[in-house]
Amino acid sequence: MNHAWTALALLVATSAQAETAAELMARYQQEARLSDASFAASAQRGAQFFRQAGSKDWHCNTCHTDNPAAPGKHATTGKAIEPLAPAANPARFSKADKVEKWFKRNCNDVLERACTPAEKSDLLAYLQGVKP
């Protein structure tokens, strides 16, 4: 029984730690490889995904601007949005639970569906290469 509590405590502690965009990208890439063993994250596909039209003719860059290193503004509410690129905003991809929350919300808003692990890893590959 003590082993179960120790494992649970370790899992909670690990999920609470700060992560990097590279670590999250690697995790999503591994998930994508469950359905395609040869999958490798692509910054080029990530850039295309960032600019891809979704529902309501929205794109990621509708709110995050065409330059993810620049601040954006929500298309409907006008609320200011901090830069999306990790180089411009190191806190952006530092907590896995927040990353998942925003992927869930934004993918549903833009695509009207959940993003796949492949799309998430491609997007992170692209964003890691964007410099301020």
Side-chain angles (χ1 to χ4, degrees):
M1 184 73 163
N2 283 341
H3 293 296
W5 286 111
T6 302
L8 179 61
L10 182 59
L11 179 65
V12 170
T14 302
S15 65
Q17 290 178 346
E19 296 188 73
T20 65
E23 291 168 333
L24 291 166
M25 184 197 74
R27 183 184 309 164
Y28 293 131
Q29 183 172 251
Q30 287 296 80
E31 288 177 35
R33 286 182 178 155
L34 295 175
S35 54
D36 177 0
S38 65
F39 177 81
S42 163
Q44 181 178 3
R45 281 193 313 261
Q48 291 169 345
F49 180 79
F50 185 75
R51 293 171 180 86
Q52 171 185 319
S55 67
K56 301 179 253 179
D57 201 31
W58 282 15
H59 312 70
C60 298
N61 63 349
T62 300
C63 297
H64 292 287
T65 79
D66 201 45
N67 176 6
K73 181 172 69 169
H74 191 276
T76 303
T77 66
K79 179 182 174 188
I81 300 173
E82 293 294 320
L84 190 58
N89 182 3
R92 176 58 80 174
F93 294 100
S94 61
K95 295 189 188 296
D97 57 340
K98 283 184 87 170
V99 171
E100 276 304 306
K101 169 190 164 186
W102 286 106
F103 265 132
K104 181 178 180 181
R105 181 177 294 174
N106 291 332
C107 291
N108 283 325
D109 284 350
V110 174
L111 303 173
E112 294 184 325
R113 65 171 173 79
C115 287
T116 67
E119 290 167 333
K120 293 175 187 179
S121 63
D122 286 345
L123 182 63
L124 288 173
Y126 164 61
L127 293 173
Q128 289 178 86
V130 173
K131 303 299 179 209

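Residue indices begin at 1 and follow the sequence shown. Predicted model only: the values in this text are computed from it and were never measured. Only this structure's heavy atoms are used, side chains among them; waters, hydrogens and symmetry mates stay out.
In this structure, Tyr126 has its ring center at least 6.0 angstrom away from the ring center of Phe49.
Under a 3.5 Å cut-off, the side chain of His59 and the backbone N or O of Thr62 do not form any donor-acceptor pair. Distance alone, capped at 3.5 Å, is enough to place a donor-acceptor pair between the Ser121 side chain and the Pro117 backbone. Judged by distance alone, with hydrogens and angles left aside, the side-chain atoms of Asp122 form a donor-acceptor pair with the main-chain N or O of Ser42 at under 3.5 Å. Gln29 places a side-chain N or O within donor-acceptor distance of the main-chain N or O of Ala41, the cut-off being under 3.5 Å.
For Glu100, the salt bridge (Lys or Arg N to Asp or Glu O under 4.0 Å) partners are Lys120, not counting sequence neighbours. Taking the salt bridge (Lys or Arg N to Asp or Glu O under 4.0 Å) definition, one finds that Arg33 meets it with nothing, sequence neighbours left out.
At a threshold of 4.5 Å between non-hydrogen side-chain atoms, the residues Trp102 and Cys107 do not count as touching. Looking at heavy atoms from C-beta onward, Arg92 lies out of side-chain contact with Val99 at the 4.5 angstrom threshold.
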Requested in this report: Report the C-alpha separation of Arg27 and Glu19 in whole Å, then their side-chain angles, then the decisive distance to 0.1 Å, and conclude whether the salt bridge (charged side-chain N to carboxylate O under 4.0 Å, His left out) test is met.
Outcome: CA-CA 11 Å; Arg27 183 184 309 164; Glu19 296 188 73; 2.5 Å; yes
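Ring geometry, Tyr28 versus Phe103: the interplanar angle exceeds 60°, so the pair is classed perpendicular (tilted spans 30 to 60°). Ring orientation note: the planes of His74 and Trp58 are nearly perpendicular, at an angle over 60° on the 30°/60° scale.
Side chains of Ser38 and Asp36: a donor on one and an acceptor on the other come within 3.5 Å.
The two residues Arg45 and Ala40 have their closest heavy-atom pair at NH2-O, 2.7 Å.
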